[in-house]
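Here is the naming used below: chain letters follow the sequence lines, and residue numbers restart at 1 for every chain. Here the structure is a predicted model, which means the values were calculated and not measured.
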Number of protein chains: 2
Amino acid sequence: MTTPVHSHSPAPVLKVGVKPPYELVCSTAFLLKRLGMQVKERTMEAYEAIGASPYHYSVLAVLEEGARDTQAKIADALGYDRSWLVGLLDELEEAGLIDRRRDPEDRRRHLVSLTPPGKKKLAELRKISKSIENEFLASLDTAQREQLHELLLKVASDHDPRLASGSGENAPA
Amino acid sequence: MTTPVHSHSPAPVLKVGVKPPYELVCSTAFLLKRLGMQVKERTMEAYEAIGASPYHYSVLAVLEEGARDTQAKIADALGYDRSWLVGLLDELEEAGLIDRRRDPEDRRRHLVSLTPPGKKKLAELRKISKSIENEFLASLDTAQREQLHELLLKVASDHDPRLASGSGENAPA
DNA sequence: TATTGTTATACTCTATAACTATA
DNA sequence: TATAGTTATAGAGTATAACAATA
């Protein structure tokens, strides 16, 4: 065999001249699915390139806002499975980015906090996140990006009231 | 054990009072990922409830537009893996929704076409698709939906030129 | 030798359950 | 008995490779 000619990854093969059905392109839901998957893929790749993952970024971001420093709260805030969070925290702890110690008041619990290197890392990951988003939305100008974000947030808040701006502690600052 | 109290599906657990980090909610990419996954889940459920799948709908929609009647073309149009498409077509054929026969001009190929029941099914699935989208975007009025679609299409076309409107055969009609 | 459709395999994710230590 | 965190297991989904038929 010469080389695996068939590189049919389900995502973007982009055979010119063969386009998806007009009917699907007209569907906002279809576009949402497609774009969601694409941006997820790109994000993954970008983070993996530096030995991290988008999940690391999310966890660190949660920790910086504090007030959700037990593992259960972190998991709930991000909608992660608690058992899955464990592995993430292991990695972050091993890298010295977080601190995990028992809660003296309830020795079942772990109090998780950001270390100074963790804060630095967060800043780094944040930068990557911004640049990915910037690149992904390159075809939109500033006003359009704001418009898009507003519309998406409206829909998302409708399905998950927790996202609604204003309500809650961890607001803009 | 009483009942599996832990229902931590990674998606929407919605513990009140515990919200995702403000930083993430501000990210358009984050919202895209979230909404893309949510709408995908809901679509799956809705189709499965009637013993179908969104993939069936996509394939039938491609076939109705014709001009992509070999399996390779269908797969490319949808960005599916060719080997995975086989199973889908098996299901559709068994249900009598499509017709699969050898191409006399190149006996390696299969010519795939919609049957009359297939056309009926397509209409049915189309209706479901529309109602899901309608429900999912319930918080937006008509103008906002158009706006959202336009913005998403712009971004999507930027990443996949095949989506650009106008160019190609299978346009509006 | 290359290509179409197909089948088989391997691998990654992730959902669930099971376990411990505390309460 | 219930809960926080952890570990282990199983199942779905998917990417890859191998294959038979035809060109």
Requested in this report: Quick one: list whatever passes ring pair (Phe, Tyr, Trp, His ring centres under 6.0 Å) with A/Y47, sequence neighbours left out.
Outcome: none
Query raised in the report: Can you tell me if CD on A/E135 sees more than 12 non-hydrogen neighbours from other groups inside 6.0 Å?
Result: no
Could I get a table of every N or O pair under 3.5 Å where one atom is in the protein and the other is in nucleotides 8-12 of chain C?
none

Report task. Would you kindly say whether B/E23 and A/Y57 are connected by a side-chain donor-acceptor distance under 3.5 Å? Result -> yes
Query raised in the report: In residues 93-110 of chain A, what residues come within less than 4.0 Å of DNA chain C, judged by heavy atoms?
Result: A/D106, A/R107, A/R108
Report task. Please report, rounded to the nearest Å, how far the C1' atom of D/dT6 is from the CG atom of A/L89. Result -> 11 Å
**Report entry** B/D81 CG - C/dT4 P separation (whole Å)
**Finding:** 14 Å
Query raised in the report: Can you check the B/E45 CD to D/dA12 C1' distance for me, whole Å?
Result: 15 Å
Requested in this report: Determine, using the 4.5 Å side-chain heavy-atom cutoff (strictly less than), whether A/L89 and A/Y55 are members of one ILVMFWY cluster.
Outcome: yes
Requested in this report: Not counting sequence neighbours, which residues clear side chain to side chain donor-acceptor pair (under 3.5 Å) with B/R145? List them please.
Outcome: B/N134
Query raised in the report: Starting at CG of B/D69 and ending at P of C/dT4, how long is that distance when rounded to a whole Å?
Result: 14 Å
Query raised in the report: Taking atom types as modelled and ignoring hydrogens, do the side chains of B/R100 and B/Q71 form a donor-acceptor contact shorter than 3.5 angstrom?
Result: yes
Query - Residue pairs fulfilling ring pair (Phe, Tyr, Trp, His ring centres under 6.0 Å) with at least one residue in residues 109-143 of chain A, sequence neighbours excluded - result: A/F136-B/H159
Query - Rounded distance (Å) that lies between atom P of C/dC13 and atom OH of A/Y80 - result: 14 Å
Query raised in the report: Going by atom types only, do B/S27 and A/E133 share a side-chain donor-acceptor pair under 3.5 Å?
Result: yes
Query raised in the report: Rounded to whole angstrom units, what separation is found between the CG atom of B/L88 and the P atom of C/dT7?
Result: 14 Å
Report task. In whole angstrom, give the distance that lies between atom CD of A/Q71 and atom C1' of D/dT3. Result -> 13 Å
Let me have the donor-acceptor pairs involving side chains of residues 149-156 of chain B, under 3.5 Å, with sequence neighbours excluded, atom names and distances please.
residue, atom, partner, partner atom, Å
B/H149, NE2, A/V25, O, 3.0
B/H149, NE2, A/C26, O, 3.0

Query raised in the report: So, is B/R82 close to the C/dT4 phosphate, meaning a side-chain N or O under 4.0 Å from OP1 or OP2?
Result: yes
Query raised in the report: Can you tell me how far P of C/dT4 sits from CD1 of B/I74, to the nearest Å?
Result: 13 Å
